[in-house]
Amino acid sequence: MQDLASLLSIFADSAQREVAERFSLRCGIPFCKHDSWQQADTPYVMVYAESCVSLVQTGKGAPGPVSASFLGGKNVHRLKFGGGKGQLIAKAVGLKSGVIPHVLDCTAGLGRDAFVLASLGCRMTLLERSPVVAELLSSALDEARESELAEIVERMCLFNADAIDWLATYAGDAPDVIYLDPMYPHREKSSQVKKEMRLFHDLVGQDQDDAALLARALETARCRVVVKRPRKGSAIEGQTPSFQLQGKSCRYDIYTKASLSSLKAS
(Lines give C-alpha, C1' and ligand atoms only; values in the text may rest on other atoms or scores of the structure.)
Protein backbone atom coordinates (compact mmCIF):
# COMPACT_ATOMS: atom_id res chain seq x y z
CA MET A 1 0.00 0.00 0.00
CA GLN A 2 1.26 3.46 -0.87
CA ASP A 3 2.10 6.13 1.75
CA LEU A 4 -1.16 8.03 1.34
CA ALA A 5 -0.32 10.80 3.81
CA SER A 6 2.49 12.05 1.55
CA LEU A 7 0.44 11.84 -1.65
CA LEU A 8 -3.09 12.79 -0.63
CA SER A 9 -4.90 15.33 1.51
CA ILE A 10 -8.60 15.95 2.13
CA PHE A 11 -10.67 19.03 1.42
CA ALA A 12 -14.32 19.30 2.46
CA ASP A 13 -17.07 21.89 2.28
CA SER A 14 -18.85 22.66 5.54
CA ALA A 15 -21.74 20.26 4.86
CA GLN A 16 -19.39 17.30 4.37
CA ARG A 17 -16.80 18.16 7.01
CA GLU A 18 -17.95 15.58 9.56
CA VAL A 19 -17.99 12.74 7.03
CA ALA A 20 -14.57 13.75 5.72
CA GLU A 21 -13.10 13.97 9.22
CA ARG A 22 -14.19 10.42 10.03
CA PHE A 23 -12.49 9.14 6.90
CA SER A 24 -9.39 11.23 7.64
CA LEU A 25 -9.03 9.76 11.12
CA ARG A 26 -9.64 6.20 9.94
CA CYS A 27 -7.03 6.35 7.18
CA GLY A 28 -4.53 8.84 8.57
CA ILE A 29 -4.94 11.23 5.64
CA PRO A 30 -4.42 14.89 6.59
CA PHE A 31 -6.74 17.77 5.79
CA CYS A 32 -5.75 20.41 3.28
CA LYS A 33 -4.50 23.47 5.21
CA HIS A 34 -5.72 25.99 2.64
CA ASP A 35 -9.07 27.57 1.82
CA SER A 36 -9.15 25.98 -1.63
CA TRP A 37 -8.13 22.50 -2.74
CA GLN A 38 -6.24 24.06 -5.67
CA GLN A 39 -3.69 25.28 -3.10
CA ALA A 40 -3.07 21.85 -1.58
CA ASP A 41 0.49 20.83 -0.77
CA THR A 42 -0.02 17.23 -1.92
CA PRO A 43 -0.09 15.83 -5.48
CA TYR A 44 -3.70 14.66 -5.01
CA VAL A 45 -6.70 15.90 -3.06
CA MET A 46 -9.83 14.03 -2.03
CA VAL A 47 -12.63 16.58 -2.34
CA TYR A 48 -15.89 16.19 -0.41
CA ALA A 49 -18.48 18.47 -2.00
CA GLU A 50 -22.26 18.11 -1.58
CA SER A 51 -23.07 14.43 -2.20
CA CYS A 52 -20.06 13.75 -4.41
CA VAL A 53 -16.56 12.67 -3.39
CA SER A 54 -13.86 12.97 -6.03
CA LEU A 55 -10.11 12.76 -6.43
CA VAL A 56 -8.27 15.56 -8.17
CA GLN A 57 -4.67 15.93 -9.18
CA THR A 58 -3.10 19.28 -8.35
CA GLY A 59 -0.61 21.22 -10.38
CA LYS A 60 -0.61 22.96 -13.73
CA GLY A 61 -2.22 21.03 -16.58
CA ALA A 62 -3.66 18.33 -14.31
CA PRO A 63 -6.68 16.41 -15.64
CA GLY A 64 -10.16 16.87 -14.22
CA PRO A 65 -11.61 15.17 -11.14
CA VAL A 66 -12.18 11.44 -10.90
CA SER A 67 -15.28 10.09 -9.18
CA ALA A 68 -17.24 6.85 -9.21
CA SER A 69 -20.55 8.60 -9.90
CA PHE A 70 -23.02 6.54 -11.92
CA LEU A 71 -25.07 9.58 -12.94
CA GLY A 72 -24.56 10.78 -16.49
CA GLY A 73 -21.73 10.14 -18.92
CA LYS A 74 -20.75 6.69 -20.10
CA ASN A 75 -22.84 4.87 -17.51
CA VAL A 76 -26.14 6.27 -18.79
CA HIS A 77 -25.08 5.75 -22.41
CA ARG A 78 -24.17 2.15 -21.65
CA LEU A 79 -27.53 1.59 -19.96
CA LYS A 80 -29.38 2.81 -23.05
CA PHE A 81 -27.18 1.47 -25.83
CA GLY A 82 -24.85 -1.10 -24.25
CA GLY A 83 -26.48 -4.15 -25.80
CA GLY A 84 -28.08 -5.68 -22.71
CA LYS A 85 -27.34 -9.35 -22.12
CA GLY A 86 -25.49 -9.46 -25.44
CA GLN A 87 -22.57 -7.53 -23.90
CA LEU A 88 -19.36 -9.52 -23.66
CA ILE A 89 -19.17 -9.17 -19.88
CA ALA A 90 -22.71 -10.55 -19.56
CA LYS A 91 -21.75 -13.56 -21.67
CA ALA A 92 -18.59 -14.02 -19.60
CA VAL A 93 -20.48 -14.36 -16.31
CA GLY A 94 -23.06 -16.63 -17.98
CA LEU A 95 -25.99 -14.24 -17.81
CA LYS A 96 -28.80 -15.23 -20.16
CA SER A 97 -32.55 -15.77 -20.20
CA GLY A 98 -33.51 -17.59 -17.02
CA VAL A 99 -29.96 -17.49 -15.60
CA ILE A 100 -29.04 -14.53 -13.38
CA PRO A 101 -26.05 -15.41 -11.20
CA HIS A 102 -24.96 -13.89 -7.92
CA VAL A 103 -21.59 -12.32 -8.75
CA LEU A 104 -18.82 -11.52 -6.30
CA ASP A 105 -16.60 -8.77 -7.73
CA CYS A 106 -13.32 -9.06 -5.82
CA THR A 107 -11.66 -6.02 -7.45
CA ALA A 108 -14.51 -3.53 -7.60
CA GLY A 109 -12.54 -0.34 -8.36
CA LEU A 110 -14.98 2.38 -9.41
CA GLY A 111 -17.74 -0.20 -9.82
CA ARG A 112 -18.27 0.25 -13.54
CA ASP A 113 -18.46 -3.45 -14.47
CA ALA A 114 -20.47 -4.28 -11.36
CA PHE A 115 -22.97 -1.56 -12.25
CA VAL A 116 -23.44 -3.02 -15.73
CA LEU A 117 -24.13 -6.47 -14.31
CA ALA A 118 -26.46 -5.07 -11.63
CA SER A 119 -28.38 -3.18 -14.34
CA LEU A 120 -28.93 -6.56 -16.02
CA GLY A 121 -30.37 -8.03 -12.83
CA CYS A 122 -27.38 -9.63 -11.10
CA ARG A 123 -27.02 -9.44 -7.35
CA MET A 124 -23.54 -8.02 -6.83
CA THR A 125 -21.23 -8.26 -3.83
CA LEU A 126 -18.31 -5.86 -4.24
CA LEU A 127 -14.92 -5.97 -2.51
CA GLU A 128 -12.42 -3.13 -2.75
CA ARG A 129 -9.30 -3.15 -0.60
CA SER A 130 -8.17 0.44 -1.16
CA PRO A 131 -9.95 2.63 1.42
CA VAL A 132 -9.71 5.62 -0.92
CA VAL A 133 -11.30 3.86 -3.88
CA ALA A 134 -13.90 2.25 -1.61
CA GLU A 135 -14.83 5.71 -0.30
CA LEU A 136 -15.33 7.01 -3.83
CA LEU A 137 -17.51 4.02 -4.68
CA SER A 138 -19.50 4.22 -1.44
CA SER A 139 -20.24 7.89 -2.13
CA ALA A 140 -21.38 7.07 -5.68
CA LEU A 141 -23.70 4.34 -4.42
CA ASP A 142 -25.24 6.74 -1.87
CA GLU A 143 -25.73 9.34 -4.60
CA ALA A 144 -27.36 6.82 -6.94
CA ARG A 145 -29.77 5.63 -4.22
CA GLU A 146 -31.37 9.08 -4.37
CA SER A 147 -31.84 8.92 -8.15
CA GLU A 148 -33.64 6.94 -10.82
CA LEU A 149 -30.83 4.37 -10.53
CA ALA A 150 -31.86 3.34 -7.02
CA GLU A 151 -33.28 -0.01 -8.11
CA ILE A 152 -30.01 -0.94 -9.80
CA VAL A 153 -27.61 0.02 -7.01
CA GLU A 154 -29.76 -1.72 -4.40
CA ARG A 155 -28.40 -4.91 -5.95
CA MET A 156 -24.84 -3.77 -5.14
CA CYS A 157 -23.37 -4.40 -1.68
CA LEU A 158 -19.89 -2.99 -1.00
CA PHE A 159 -17.22 -4.07 1.50
CA ASN A 160 -13.87 -2.31 2.00
CA ALA A 161 -11.81 -5.48 2.40
CA ASP A 162 -8.87 -7.40 1.00
CA ALA A 163 -10.43 -10.10 -1.16
CA ILE A 164 -7.99 -12.87 -0.24
CA ASP A 165 -8.55 -12.32 3.49
CA TRP A 166 -12.31 -11.91 3.01
CA LEU A 167 -12.62 -15.13 1.04
CA ALA A 168 -10.52 -17.03 3.59
CA THR A 169 -13.10 -16.34 6.32
CA TYR A 170 -16.26 -16.25 4.18
CA ALA A 171 -18.91 -18.58 5.58
CA GLY A 172 -21.98 -17.70 3.50
CA ASP A 173 -23.44 -19.35 0.42
CA ALA A 174 -20.84 -19.62 -2.33
CA PRO A 175 -21.26 -16.96 -5.01
CA ASP A 176 -22.20 -18.40 -8.39
CA VAL A 177 -19.51 -16.38 -10.16
CA ILE A 178 -16.40 -14.59 -8.94
CA TYR A 179 -15.19 -11.72 -11.11
CA LEU A 180 -11.60 -10.44 -11.08
CA ASP A 181 -10.13 -7.41 -12.80
CA PRO A 182 -6.61 -6.97 -11.39
CA MET A 183 -4.71 -3.74 -11.93
CA TYR A 184 -2.92 -3.89 -15.27
CA PRO A 185 0.80 -3.07 -15.43
CA HIS A 186 1.50 0.63 -16.05
CA ARG A 187 2.18 1.36 -19.71
CA GLU A 188 5.18 3.52 -20.58
CA LYS A 189 3.18 5.85 -22.83
CA SER A 190 1.34 7.63 -20.04
CA SER A 191 -0.67 9.74 -22.51
CA GLN A 192 -2.47 6.57 -23.52
CA VAL A 193 -3.44 5.67 -19.97
CA LYS A 194 -6.78 6.95 -18.72
CA LYS A 195 -6.57 9.53 -15.95
CA GLU A 196 -8.31 7.11 -13.57
CA MET A 197 -5.62 4.50 -14.14
CA ARG A 198 -2.76 6.96 -13.72
CA LEU A 199 -4.29 8.06 -10.45
CA PHE A 200 -4.82 4.50 -9.23
CA HIS A 201 -1.26 3.50 -10.06
CA ASP A 202 0.01 6.44 -7.99
CA LEU A 203 -2.33 6.06 -5.01
CA VAL A 204 -3.07 2.33 -4.97
CA GLY A 205 -0.15 0.66 -6.71
CA GLN A 206 -0.11 -2.47 -8.86
CA ASP A 207 -1.68 -5.77 -7.81
CA GLN A 208 1.08 -8.23 -6.91
CA ASP A 209 -1.08 -11.10 -5.64
CA ASP A 210 -3.36 -11.87 -8.58
CA ALA A 211 -2.24 -15.52 -8.73
CA ALA A 212 -3.09 -16.03 -5.06
CA LEU A 213 -6.43 -14.29 -5.53
CA LEU A 214 -7.29 -16.48 -8.53
CA ALA A 215 -6.45 -19.62 -6.56
CA ARG A 216 -8.66 -18.53 -3.67
CA ALA A 217 -11.47 -17.57 -6.04
CA LEU A 218 -11.35 -21.00 -7.70
CA GLU A 219 -11.74 -22.60 -4.29
CA THR A 220 -14.77 -20.44 -3.46
CA ALA A 221 -16.88 -19.90 -6.60
CA ARG A 222 -19.74 -22.31 -7.15
CA CYS A 223 -19.85 -22.25 -10.96
CA ARG A 224 -17.12 -20.13 -12.54
CA VAL A 225 -14.41 -17.52 -12.14
CA VAL A 226 -14.09 -14.75 -14.74
CA VAL A 227 -10.89 -12.74 -15.13
CA LYS A 228 -10.72 -9.56 -17.22
CA ARG A 229 -7.37 -9.13 -18.97
CA PRO A 230 -5.80 -6.94 -21.66
CA ARG A 231 -6.70 -8.43 -25.05
CA LYS A 232 -3.11 -9.51 -25.74
CA GLY A 233 -2.07 -9.94 -22.12
CA SER A 234 -1.00 -13.22 -20.58
CA ALA A 235 -3.32 -15.24 -18.38
CA ILE A 236 -2.80 -15.12 -14.63
CA GLU A 237 -0.29 -17.70 -13.45
CA GLY A 238 -1.89 -20.95 -12.33
CA GLN A 239 -4.77 -22.95 -13.76
CA THR A 240 -5.38 -22.67 -17.51
CA PRO A 241 -8.68 -20.97 -18.47
CA SER A 242 -11.45 -23.25 -19.69
CA PHE A 243 -12.16 -20.82 -22.52
CA GLN A 244 -11.80 -17.16 -23.49
CA LEU A 245 -13.98 -14.41 -24.91
CA GLN A 246 -12.14 -11.80 -26.98
CA GLY A 247 -13.19 -8.16 -27.23
CA LYS A 248 -11.66 -5.18 -29.01
CA SER A 249 -9.57 -4.00 -26.08
CA CYS A 250 -9.95 -6.67 -23.42
CA ARG A 251 -10.39 -10.40 -22.97
CA TYR A 252 -12.28 -12.52 -20.47
CA ASP A 253 -10.64 -15.71 -19.22
CA ILE A 254 -13.32 -18.07 -17.92
CA TYR A 255 -12.61 -20.90 -15.49
CA THR A 256 -15.60 -23.23 -15.23
CA LYS A 257 -16.35 -25.42 -12.22
CA ALA A 258 -20.04 -26.29 -12.67
CA SER A 259 -22.95 -25.50 -14.98
CA LEU A 260 -24.95 -22.32 -14.47
CA SER A 261 -28.01 -23.93 -16.02
CA SER A 262 -29.54 -24.78 -12.65
CA LEU A 263 -29.91 -21.08 -11.78
CA LYS A 264 -33.30 -19.48 -12.25
CA ALA A 265 -34.14 -15.84 -12.71
CA SER A 266 -35.47 -14.24 -9.57
Side-chain angles (χ1 to χ4, degrees), residues 66 68 70 74-75 78 82-96 100-120 122-130 133-134 136-137 156 158 162-164 166-167 175-187 192-201 204-257 260:
V66 172
F70 301 112
K74 292 182 179 179
N75 287 305
R78 200 168 177 182
K85 294 179 182 178
Q87 295 178 72
L88 203 60
I89 188 174
K91 294 179 180 179
V93 302
L95 202 160
K96 57 185 178 181
I100 304 181
H102 168 212
V103 180
L104 170 60
D105 184 345
C106 286
T107 51
L110 295 178
R112 304 276 167 76
D113 288 342
F115 178 79
V116 170
L117 294 174
S119 73
L120 297 174
C122 291
R123 178 165 63 94
M124 301 295 302
T125 301
L126 285 69
L127 305 180
E128 174 50 54
R129 66 178 167 186
S130 165
V133 179
L136 293 179
L137 183 50
M156 301 168 67
L158 171 66
D162 180 276
I164 295 176
W166 194 89
L167 289 173
D176 302 313
V177 177
I178 292 182
Y179 181 78
L180 309 178
D181 181 11
M183 186 79 75
Y184 297 166
H186 195 343
R187 290 178 290 182
Q192 295 180 2
V193 182
K194 291 182 179 180
K195 62 182 179 181
E196 293 98 329
M197 298 309 298
R198 293 202 301 271
L199 184 150
F200 284 177
H201 278 290
V204 179
Q206 184 177 325
D207 290 330
Q208 301 290 339
D209 53 1
D210 51 5
L213 178 54
L214 174 60
R216 181 70 71 178
L218 287 168
E219 294 174 358
T220 307
R222 191 171 78 85
C223 296
R224 67 173 59 177
V225 175
V226 177
V227 182
K228 186 177 183 179
R229 301 297 289 166
R231 187 172 66 86
K232 295 183 179 180
S234 59
I236 293 178
E237 180 181 352
Q239 184 171 320
T240 301
S242 304
F243 65 98
Q244 298 174 327
L245 295 176
Q246 294 278 356
K248 292 182 179 179
S249 61
C250 71
R251 183 188 78 237
Y252 295 98
D253 293 348
I254 294 95
Y255 303 77
T256 58
K257 295 181 63 179
L260 285 159

Inset, instruction - Of all the heavy-atom pairs spanning Leu120 and Ala90, show the shortest one and how long it is. - result: CD1-CB, 3.9 Å
Inset, instruction - Determine the minimum heavy-atom distance between Leu136 and Ala68, stating which atoms define it. - result: O-CB, 3.6 Å
Legend entry - Heavy-atom side-chain contact between Phe70 and Leu137 under 4.5 Å: yes
Legend entry - Nearest heavy-atom neighbours spanning Gln246 and Arg251: NE2-CD, 3.3 Å
Inset, instruction - Please list, chain by chain and in numerical order, all residues satisfying side-chain contact (heavy atoms from CB on, under 4.5 Å) with Gln239, sequence neighbours excluded. - result: Leu218, Tyr255
Inset, instruction - For the pair Glu128 (side chain) and Gly109 (backbone), establish whether a donor and an acceptor sit closer than 3.5 Å, ignoring hydrogens and angles. - result: yes
Legend entry - Heavy-atom donor-acceptor pair, Arg123 side chain to His102 backbone, under 3.5 Å: no
Inset, instruction - Under the side-chain contact (heavy atoms from CB on, under 4.5 Å) rule, what do Val66 and Leu110 come out as? Steps first, then yes or no, please. - result: CA-CA 10 Å; Val66 172; Leu110 295 178; 4.2 Å; yes
Legend entry - Side chain Thr256, main chain Ser242, donor-acceptor under 3.5 Å: no
Inset, instruction - Could you check if a side-chain atom of Tyr179 sits within less than 4.5 angstrom of a side-chain atom of Lys228, using non-hydrogen atoms only? - result: yes
Legend entry - Note, Val227 side chain near Asp210 side chain (heavy atom, < 4.5 Å): no
Legend entry - Pro182 side chain near Ile236 side chain, heavy-atom distance below 4.5 Å: yes
Legend entry - Smallest separation among heavy atoms of Lys248 and Arg231, with atom names: O-NE, 3.1 Å
Legend entry - Ile164 to Arg216 - nearest heavy-atom pair and separation: O-NE, 4.1 Å
Inset, instruction - Indicate yes or no for a side-chain donor-acceptor contact from Asp176 to the backbone of Arg222 under 3.5 Å, with no hydrogens or angles considered. - result: no
Inset, instruction - Compare all side-chain heavy atoms of Leu260 with those of Val177 and state whether any distance is below 4.5 angstrom. - result: yes
Inset, instruction - Quick one: closest heavy-atom pair of Tyr252 and Val226, and the distance? - result: CD2-CG1, 3.9 Å
Inset, instruction - Working to the nearest 0.5 Å, report the span between CD1 of Ile100 and CG of Leu117. - result: 11.0 Å
Inset, instruction - Mark yes or no for whether Thr107, through its side chain, and Asp181, through its backbone, hold a donor-acceptor pair below 3.5 Å. - result: yes
